[in-house]
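What's counted below: heavy atoms across the whole structure, side chains too, no hydrogens, waters or symmetry copies.
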Amino acid sequence: MRPRLADPELSLAMTWIWIGVLLAALVAYGIFRWWRRGHPRKQPPAPLSYSAELSQRLQKNMNKGTKRRRRGKTAKKKPPRRP
């Protein structure tokens, strides 16, 4: 069997299709870059210092108006059992 070359008209059509796809991608990338220049991303807020974060958390707990339970204390006052 002899190796056969592709039809020149078909290969030319495929080449033009690939050139069109590459140009469309290039134009889309350029439009995206132009749009991004006008709409920059928002910078994340700077992190608070530890003391500012702590005071904010304590203030949030104080504003609830509920009494905080203490850790480690039982709710009922029973004398300890003796063995």
Between the OG1 atom in Thr15 and the CD1 atom in Ile19, the distance rounded to the nearest 0.5 Å is 6.5 Å
Between the CZ atom in Arg41 and the CD atom in Gln43, the distance rounded to the nearest 0.5 Å is 10.0 Å
Closest non-hydrogen contact found for Pro8 with Ser11 is O-OG, 3.0 Å
Here the pair of heavy atoms bringing Leu48 nearest to Gln56 is CD1-OE1, 3.3 Å
### Joint cluster assignment, Tyr50 & Leu58, ILVMFWY side-chain distance < 4.5 Å
yes
Value for CD1 (Ile31) from CG (Leu26), rounded to nearest 0.5 Å, stands at 10.0 Å
Q.
Keeping Arg36 on the side-chain end and His39 on the backbone end, is there a donor-acceptor pair under 3.5 Å?
A. yes
- Task: Mark yes when over 12 heavy atoms from residues, nucleotides or ligands other than Trp18 sit less than 6.0 Å from its CH2; otherwise mark no.
- Result: no
Separation between CD (Glu9) and CG (Leu12), nearest 0.5 Å, reads 8.5 Å
(request) Report whether Trp34 and Val27 are members of the same hydrophobic cluster (ILVMFWY, side-chain heavy atoms less than 4.5 Å apart, transitive linking). (result) no
